[in-house]
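When reading the values below, keep in mind they use all heavy atoms of this one structure, side chains included, and skip hydrogens, waters and symmetry mates. Below, chain A is the first sequence line, B the second, and so on; all start at residue 1.
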Protein chains: 2
Amino acid sequence: MARDPDQSASGGHAEAHRHAIDADAVQSRARAYATSKGIPFTAMRQRVLGLLAASGKPMAAYEIAEKLSDARRVQAVQVYRALEFLQEAGCVHRLASQSAYFACDHLHGSGEMVVFMVCSQCGAVQEAASDLVARGLRGVAKTTGFKPLHPIIELEGECADCTSEPVG
Amino acid sequence: MARDPDQSASGGHAEAHRHAIDADAVQSRARAYATSKGIPFTAMRQRVLGLLAASGKPMAAYEIAEKLSDARRVQAVQVYRALEFLQEAGCVHRLASQSAYFACDHLHGSGEMVVFMVCSQCGAVQEAASDLVARGLRGVAKTTGFKPLHPIIELEGECADCTSEPVG
DNA sequence: CATGGAATGTAATAATATAACAGGCGCCAT
DNA sequence: ATGGCGCCTGTTATATTATTACATTCCATG
Ligand SMILES: [Zn+2]
Ligand SMILES: [Zn+2]
Ligand SMILES: [Zn+2]
Ligand SMILES: [Zn+2]
């Protein structure tokens, strides 16, 4: 079956409530970004990205710090620093509606407008880049003379899995 | 000139950087909502809405508390309580990208998907309801079996005024 | 080895938001 | 009227999210 050209979701297959990311792929992208910028892909950055990729779901910064703490306590500020790098690298997104962060294994174009669909029940996030949405947004912006630089498009709702399995 | 049917912005007229809301109209709507729910449109709620309407720009909750404080100090928690009511009443929106709140004098349909355009320079917010965007979003949701309940659509960028007057 | 830029570790603090609870006020059924 | 009940208020405390400041360490380079 051909893929719908107006959609490129990160989940949607048969795994039912497991949406872990391809950790190797995303780590490679982060490493490549670091190299291209001449900055190191440090252990802390790897640990944060690894955790997010394994989790497959959005996590709060303090939750990440908590999980990464062993003998030595990882402070939230260290997590925020790593997240900053990872977001620049395009490997992690921030959910404004939840103040949470999640790993992404897509390669987004620079002008692309991506929709985050966040399930209120299970917390899973699916991404979809919609050309129709992008055209609509650029349309309303143009009408009012507004120059859009950074779109935030989030749908809170219920994912397919949770709709079919009401409570779990 | 006829209004573009795919656009209904809250600013965009000739006032240049002043976007104060019709305070009377929005207060009336809040009052009507309160009456319909059988709950009071209390002094605190009026004060918060009045301030936001007069300001015409997004304000942080603590900033509102600050401005409303006179002899007696208004605590943030009281502001949050008022904001909760005002958001239910549809008179105030929350900007997820800024954790800020602003008054709205539109009457939004229940399934409507509204775009908030936030100017990084001057902080002004314009709203536009786009049918094209709504169709696009419902499209990507449907493709992945996602049931959207609460959309958050924010464009950070530069408004027409600030584009023409680069620094101010 | 010296040095400068970047990342780290640590502490403190700012900014945003909610919880908990006592008291007051209006409304309504007794 | 009066007592109960629901909602709002005032107040304090706490939770959650994010940033600032600064001394130290690491490391590539000269
Ligand atoms: Zn992505
Ligand atoms: Zn779900
Ligand atoms: Zn509105
Ligand atoms: Zn502007």
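- Side-chain contact between B/Gln87 and B/Cys91 is absent, with no heavy atoms from C-beta onward closer than 4.5 Å.
- Annotation: side-chain hydrogen bond (donor to acceptor under 3.5 Å, both in side chains) contacts of B/Thr35 (sequence neighbours excluded): none.
- OP1 and OP2 of C/dG9 both lie 4.0 Å or more from every side-chain N or O belonging to A/Gln75.
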Taking only nitrogen or oxygen atoms into account, show me every contact under 3.5 Å that the protein makes with nucleotides 25-30 of chain C, one pair per line with its distance.
none

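- Pairs of residues two or more places apart, or lying in two chains, that qualify as ring pair (Phe, Tyr, Trp, His ring centres under 6.0 Å) and include a residue from residues 110-136 of chain A are A/His93-A/Phe116, A/Phe102-A/Phe116.
- Closest-nucleotide positions on DNA chain D for A/Ala76 and B/Val77 were compared, and the one nearer the 5' end corresponds to B/Val77.
- In terms of hydrophobic clustering, with Ile, Leu, Val, Met, Phe, Trp and Tyr side chains grouped at heavy-atom distances under 4.5 Å, A/Ile152 and A/Val115 are assigned to different clusters.
- Contact annotation: the side chain of B/Glu84 never approaches that of B/Tyr80 to less than 4.5 Å [non-hydrogen atoms, C-beta and beyond].
- Protein chain B contacts DNA chain D over a range whose 5' and 3' limits, counting nucleotides with an atom under 4.0 angstrom from a non-hydrogen atom, are D/dC8 to D/dT12.
- Side-chain atoms of B/Val74 and B/Val79, non-hydrogen and from C-beta on, do get closer than 4.5 Å to each other.
- The hydrophobic clustering, which links ILVMFWY residues whose side-chain heavy atoms are closer than 4.5 Å, places B/Val77 and B/Tyr62 apart.
- Residues A/Val48 and A/Val92 are not in side-chain contact: their nearest non-hydrogen atoms beyond the backbone lie 4.5 Å or more apart.
- If you check residues 80-91 of chain B against DNA chain D, the residues with a heavy atom closer than 4.0 Å are B/Arg81, listed by number.
- Looking only at side-chain heavy atoms (C-beta outward), A/Met117 and A/Glu127 stay at 4.5 Å or farther from each other.
- Residue-level contact check: A/Arg73 touches neither bases nor backbone, having no heavy atom under 4.0 Å from any strand.
- A cation-pi arrangement is absent between A/Arg31 and A/Phe41, since the terminal nitrogen or guanidinium carbon is not both under 6.0 Å from the aromatic centre and inside a 45° cone about the axis.
- Looking at heavy atoms from C-beta onward, A/Val125 lies out of side-chain contact with A/Lys57 at the 4.5 angstrom threshold.
- Contacts between residues 28-42 of chain B and DNA chain D, counted as heavy-atom distances below 4.0 Å, involve B/Ile39, B/Pro40, B/Thr42.
- Using a 4.0 Å heavy-atom criterion, one finds that A/Ala60 contacts the sugar-phosphate atoms exclusively.
- The closest side-chain heavy-atom distance from A/Met113 to A/Arg138 is below 4.5 Å.
- Between B/Ser97 and B/Glu156 the shortest side-chain heavy-atom distance falls below 4.5 Å.
- Both B/Tyr62 and B/Met44 sit near DNA chain D, but only B/Met44 has its closest nucleotide nearer the 5' end.
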